[in-house]
Amino acid sequence: DAKTTQPPSMDCAEGRAANLPCNHSTISGNEYVYWYRQIHSQGPQYIIHGLKNNETNEMASLIITEDRKSSTLILPHATLRDTAVYYCLRGYGNKLVFGAGTILRVKS
Amino acid sequence: EPEVTQTPSHQVTQMGQEVILRCVPISNHLYFYWYRQILGQKVEFLVSFYNNEISEKSEIFDDQFSVERPDGSNFTLKIRSTKLEDSAMYFCASSEALGLDSRENEQYFGPGTRLTVT
């Protein structure tokens with residue numbers, strides 16, 4: 001049970017921002033929200049994680065709602081190479097529990 | 001940038017044979033993991049390992065599976081008697097810290113070994 005809900009797929013135009021939503025309404029106070037992506041059966045790639053404050057790194061930004069029940073991963077300028085499956089996960093012990101994720105297709 | 005490496009990239013074996021999948025985690029990481037992904041399905045946790053002991057394992061990780069850190073750099077997954085349903089991509093991962101409810105514990109994955117059991 002991944003305990004997060006994501007749309008199955010999304011499209012984004014190249015150069016535009018990609019905003020990927022995730023619902024984690026039952027998240028507990030000490031659980032982080034993690035985002036990974038998987039490009040065509042390669043190993044999952046860590047993107048970003050956060051607890052309650054918004055986070056930004058060289059890959060993406062993570063916006064977490066004040067009630068922590070949902071979050072949005074933002075890829076500010078999507079490229080064709082960002083086409084992948086994006087997974088939103090909750091901190092859960094020391095194992096990552098993957099769901100089906102969101103297939104993001106970046107189109108030129 | 002340091003990365004997790006895995007060998008071989010593709011392993012073909014006959015049912016009933018033993019296979020050993022190898023991983024070299026990132027050098028200063030202390031926690032190691034194996035995951036698998038059957039074609040078209042989700043990535044599934046198999047086992048985590050720390051201080052030469054298994055710290056957590058899933059239901060998939062039965063007596064046919066074992067893990068070992070034989071030296072200071074390698075981390076291996078052994079399947080004693082492979083079955084057709086063991087065919088999958090096997091991913092090794094490592095992290096600096098333990099526990100997904102703390103700050104510095106993102107897991108970094110290797111490129112995977114594709115295991116095909118015939």
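Since the structure is predicted, the reported quantities are computational estimates derived from the model, not experimental observations. To find a chain, count down the sequence lines: A is the first, B the second, and so on, and within it residues start at 1.
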Nearest 0.5 angstrom please: B/K42 NZ to A/F98 CZ, how far? 12.0 Å
[X] atom [atom1], neighbour heavy-atom count above 12 within 6.0 Å:
X: B/D63; atom1: CG; value: no
X: A/K69; atom1: NZ; value: no
X: B/Q14; atom1: CD; value: no
X: A/R16; atom1: CZ; value: no
X: B/L39; atom1: CG; value: no

Should [X] and [Y] be regarded as members of a common hydrophobic cluster, given that ILVMFWY residues are connected when their side-chain heavy atoms come within less than 4.5 Å of each other, either directly or indirectly?
X: B/L84; Y: B/I38; answer: no
X: A/V33; Y: A/L73; answer: yes
X: B/Y50; Y: A/L96; answer: yes

Closest non-hydrogen atom pair, A/Y87 against B/V43: OH-CG2, 4.5 Å
Contacts of B/Y90 meeting side-chain hydrogen bond (donor to acceptor under 3.5 Å, both in side chains) (sequence neighbours excluded), chain-then-number -> none
For chain A, find its close neighbours in residues 3-13 of chain B: heavy-atom separation under 4.5 Å, sorted by number, or none. none
With distance as the sole test, does B/Y35 use its side chain to make a donor-acceptor pair with the main-chain N or O of A/K95 at under 3.5 Å? no
Pairs of heavy atoms under 4.5 Å with chain A: top-ranked of B/M89, B/Q37, B/E44: B/Q37
So do B/Q107 and A/Y36 actually touch side chain to side chain, heavy atoms under 4.5 Å? yes
Please classify the contact of A/Q38 with chain B as side chain, backbone, both or neither, using a heavy-atom distance under 4.5 Å. side chain
